[in-house]
Colleague: 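Supplied in structure tokens, the structure appears directly below.
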There are 2 protein chains.
Amino acid sequence: MSSDRQRQILEAAVRVIAHSGVRGLRVEKLSAEAGVSTALIYYHFGDRAGLMRKTLEFVNERAGRYTHEAMEIGKDPREQLELLLLLELQDTPAVRENSAAWGELRASAVFNPDLREPLSTSTRGWVDDLAAMIRQAQAAGLAAARADPLDVAERLTALVEGVSERWLSGSMTLERARELVEGAVIAELGEGSSHVPRDGSAGPA
Amino acid sequence: MSSDRQRQILEAAVRVIAHSGVRGLRVEKLSAEAGVSTALIYYHFGDRAGLMRKTLEFVNERAGRYTHEAMEIGKDPREQLELLLLLELQDTPAVRENSAAWGELRASAVFNPDLREPLSTSTRGWVDDLAAMIRQAQAAGLAAARADPLDVAERLTALVEGVSERWLSGSMTLERARELVEGAVIAELGEGSSHVPRDGSAGPA
DNA sequence: GCCCACCGACTGAAGATTCAGTCAAGGTGT
DNA sequence: ACACCTTGACTGAATCTTCAGTCGGTGGGC
């Protein structure tokens, strides 16, 4: 199924999308990037739309992989949770590519109903993962118990998408983006360091 | 300068972008929508890129107008602030158009450096307006004093962009989006109702 | 000898941009 | 008041470009 060749093409597709956007994806450019003929792309994916769909799946899958790697670095739930969010905000080629492609795909989905369903599904996956971590963190006394995990998860992921887009569109530095997300986690779940939520007036000045 | 004609074309451009995206903006479609010839568009804007630039300015300006209207509805700063955020999340044609166009333009800026600067400028404008309101709210004892106004403003606006994009791309309902933003305001500034922040363990169960 | 993965060259359509003017409004010299 | 010129707004149709998608064919493993 997903032969080497398909993977090779999809990897190239993500690279091209990250670099020129969905709208800038020219089948010919893609074929050059992947080092194959244009015809082969049609052979494997049928048409442009089919290619997009597969690319989206591919991006999700790759992102999922990062995610699960993150979850296995034994840290405590609160740290894991932060890691999971900050993962999307790094300036390594792989992450930048994924983030950019993700943003593009989401933007395209506004006008292309075909992309909506897979997009929603994987958004939900991400949100649910995060919500689960929040619950764990709460159970471990590392997060404000009063916060609704699903609400918080949805907010934090949406925030990450928002700052990520600002970063990529040059309205914000990466450092600032990360800082803001960290601050949001604190605002939503309280100072995580040691004990419980009720951060109240505990903070410095 | 901005003759009637230009305004007419730009209004049509926003409509077309909101409906088919920047990617879907065909000069011919635009000319039909605006009821003028394609050539006139080139006459006024030079080329496609020039058109985009002017459209972005136009969207900003229009958004600014909403904003300032919002600020004049005498409510208290805390209410104003919420209003300013929620303004972008309404299902009226005007707002939907503006939001969709805004999202598209931001997404385009990732690949089109020309758009970056005006985009940053007007993002900053929005953020600063919000930060000012937060300061007022704090001064009036309606918001947690410990929150850094600029951080919070940047987070809340980015969150609005994030949920807005999810709404437009069909991953979230409008109601949910509004609810989440309201929740974020509370998480960042505390229960606003009466007195200060230190909401602490005050909330119900 | 047939099927699968694959390629180079091509096409048709869609779109962006340009061109060669038309038209009405505002001088200007007489 | 009136011919005449200029200019800015505007158009229809042609032209130049860019693409997605197709076709006929090739090689190599079985």
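This is a predicted model, so every value here is computed, not measured. The analysis underlying the following values was restricted to heavy atoms, covering all of them including side chains, and did not include hydrogens, waters or symmetry mates. To find a chain, count down the sequence lines: A is the first, B the second, and so on, and within it residues start at 1.
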Colleague: Are the side chains of B:R166 and A:T157 in contact, using a 4.5 Å heavy-atom criterion?
Modeller: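 Yes, their side chains come closer than 4.5 Å.
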Colleague: Base, backbone or nothing for each nucleotide of nucleotides 14-23 of chain C, written B, S, -, heavy atoms under 4.0 angstrom, 5' to 3'?
Modeller: -SSBBB----
Colleague: Are there more than 12 heavy atoms of other residues, nucleotides or ligands under 6.0 Å from atom CD of A:E28?
Modeller: no
Colleague: How many Å lie between CG on A:L40 and P on D:dT26, as a whole number?
Modeller: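 It works out to 18 Å between those atoms.
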Colleague: Measure the angle between the two terminal helix axes of the helix from C:dG1-D:dC30 to C:dT30-D:dA1, five base pairs each, and quote it to 10°.
Modeller: 10°
Colleague: Taking only N and O in the side chain of A:H44, is any of them less than 4.0 Å away from OP1 or OP2 of C:dC6?
Modeller: yes
Colleague: Side-chain N or O of A:R5 versus OP1/OP2 of C:dC6: is the shortest distance under 4.0 Å?
Modeller: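 Yes, because at least one side-chain N or O of A:R5 sits under 4.0 Å from OP1 or OP2 of C:dC6.
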Colleague: Using only heavy-atom distances, determine whether the side chains of B:R26 and B:S20 contain a donor-acceptor pair under 3.5 Å.
Modeller: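 No pair is found: no donor N or O on one side chain lies under 3.5 Å from an acceptor on the other.
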Colleague: Check this for me: B:E117, atom CD, are more than 12 non-hydrogen atoms of other residues, nucleotides or ligands nearer than 6.0 Å?
Modeller: no
Colleague: Hey, does B:H19 have a side-chain heavy atom less than 4.5 Å from the side chain of B:E97?
Modeller: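 No, side chains not in contact.
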Colleague: Quick check: closest heavy atoms across A:P118 and A:N60, and the distance to 0.1 Å?
Modeller: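 Closest pair (atom of A:P118, atom of A:N60, distance): O-ND2, 4.1 Å.
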Colleague: Decide if atom NZ of A:K29 counts as having more than 12 heavy atoms of other residues, nucleotides or ligands within a radius under 6.0 Å.
Modeller: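 Above 12, so yes.
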Colleague: Expressed in angstrom and rounded to an integer, what is the separation of B:Q8 atom CD from D:dA9 atom P?
Modeller: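 B:Q8 atom CD is separated from D:dA9 atom P by 14 Å.
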Colleague: Does the distance from a Lys or Arg side-chain N to an Asp or Glu carboxylate O, for A:D151 and B:R176, drop under 4.0 Å?
Modeller: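 Answer for the salt bridge query: yes.
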Colleague: Mapping B:Y43 and A:R23 onto DNA chain D by nearest heavy atom, which one lands closer to the 5' end?
Modeller: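 Final value for this comparison: B:Y43.
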